Amino acid sequence: MNKVIFIGPPGSGKGTQASLLKENLDYFLLSTGDLLREEMKNDTNLGKEIKHYINNGLFVPDEIITDFIIDYIEKNELHKKKVVFDGFPRRIAQAKALEEQLVKYKRDIDCVIMIDLSDDDIIKRLSGRKSCPSCKAVYPADKSNDICDKCKTALIKRADDNVNTIKKRIKIYNKETFPLIEYYKNKYKIFKIDGRENIENTHSRIMEIVSNNE
Ligand SMILES: [Zn+2]
C-alpha cells in the first residue's frame, strides 16, 4: 500500500498531477479543496461553517479541516488504499494528525513529492489564467484561443488571479509549508520536482518516483 503526499505552491499544477496519478496508477485521490467545495455546495453544517469564515475574511481554523479529513480517511478506510494526498497536510499539526491516523493501522507515509516553482513563475502562470464561466475548466495563459475546449464558451480571465491576491497566496503558502517540508525532511523521502516542466514530463517523473517507492 502506498501513501503519497503532494506539496506545491498555487499554480504548480499539483492538482493536475494528483489527478493523473489517480487515473494512471489507480490511486485514491484525496483532494482537500474538492471535498471542502463539495461540503459548501451541499450546504452541510461544515460547509456553512467554512462559508462563515470565508465570508468574514477569516481563515478556516486548522482543527476544523483536520477533524474533517481524518474522519473522512477513517470512514473511507483509506489506510487500506493507495492514496495521493493533495492539499492535506498543509501544516505540521495536520501532518502529525495524519501520521497518528495511519499508525493506528500500522501504516505510514511512503513518500513526499514537492513540486517547486519560483515566486516569479507562479505569478506568471496564475495571473494570465483563463477559465470557462460555464463548465469551470481552467486554462493556462498561453492557450492559443479564448474558447473553452470542452463546451465552446468564451473564456474569461480568472477574477481571483490578480497579482496582489497571488502574492498573498504565495506568502501564506511559504509561511505554512516551509516548516512542513523541514519536518518531513527528517522523516521521509522528499522528491523535489521542477514545476517549470510541462505536464507530461512532470507526470512521467512522478510515475517513476512512485513506482520505485511502492
Ligand atoms: Zn467550458
Side-chain angles (χ1 to χ4, degrees), residues 4-44 46-55 57 60 65 68-69 72 76 83-88 90 113 115-170 172-173 193-207 210:
V4 181
I5 291 176
F6 270 36
I7 297 176
S12 63
K14 125 185 111 70
T16 306
Q17 293 300 333
S19 309
L20 285 172
L21 199 55
K22 174 192 167 178
E23 276 163 35
N24 294 331
L25 283 183
D26 203 22
Y27 267 68
F28 187 99
L29 169 60
L30 189 151
S31 162
T32 312
D34 285 351
L35 289 176
L36 296 181
R37 271 188 290 274
E38 193 66 22
E39 292 291 311
M40 288 192 272
K41 204 180 97 194
N42 295 333
D43 220 23
T44 62
L46 176 74
K48 282 182 194 144
E49 206 175 350
I50 293 171
K51 271 190 231 165
H52 169 78
Y53 284 104
I54 293 173
N55 292 341
V60 184
I65 310 283
F68 170 66
I69 297 290
Y72 182 88
N76 290 281
V83 187
V84 50
F85 293 91
D86 172 18
F88 186 93
R90 262 204 176 125
I113 294 178
I115 306 182
D116 203 24
L117 203 60
S118 74
D119 291 2
D120 282 349
D121 282 324
I122 297 172
I123 293 169
K124 228 181 275 166
R125 242 197 223 172
L126 288 185
S127 58
R129 279 205 300 192
K130 302 163 186 172
S131 72
C132 173
S134 168
C135 75
K136 310 293 174 208
V138 179
Y139 297 95
D142 56 3
K143 185 179 188 319
S144 57
N145 59 39
D146 282 340
I147 303 292
C148 178
D149 295 339
K150 291 177 187 153
C151 70
K152 309 294 170 208
T153 306
L155 301 177
I156 51 167
K157 214 175 139 178
R158 279 169 51 117
D160 61 344
D161 285 346
N162 74 57
V163 173
N164 278 337
T165 313
I166 297 166
K167 281 185 179 160
K168 243 183 245 168
R169 287 170 68 195
I170 295 173
I172 294 169
Y173 171 78
I193 290 183
D194 187 345
R196 288 170 305 177
E197 281 285 351
N198 66 32
I199 293 179
E200 292 74 30
N201 289 350
T202 306
H203 177 55
S204 333
R205 176 78 188 109
I206 290 174
M207 292 279 275
V210 170

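These figures come from a predicted structure and were not determined experimentally. First listed ligand is number 1; within each ligand, the first listed atom is number 1.
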Among protein atoms, how many N/O/S atoms lie less than 2.8 Å from the Zn ion (ligand 1)? 4
Sorted by chain and number, sequence neighbours left out, salt bridge (Lys or Arg N to Asp or Glu O under 4.0 Å) with K124 holds for D121
According to salt bridge (Lys or Arg N to Asp or Glu O under 4.0 Å), who are the partners of D43, at least two apart in sequence or on a separate chain? K51
Test: salt bridge (Lys or Arg N to Asp or Glu O under 4.0 Å). Region: residues 5-27. Which pairs qualify, not counting sequence neighbours?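 Passing the test, one end in residues 5-27: K14-D86.
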Looking at Y72 and T32, would you say the former's side chain and the latter's main chain have a donor-acceptor pair under 3.5 Å?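 Checked: no pair found.
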Indicate yes or no for a side-chain donor-acceptor contact from N198 to the backbone of E200 under 3.5 Å, with no hydrogens or angles considered. yes
Return the minimal non-hydrogen interatomic distance between V210 and Y27, and the atom names on each side. CG1-OH, 3.2 Å
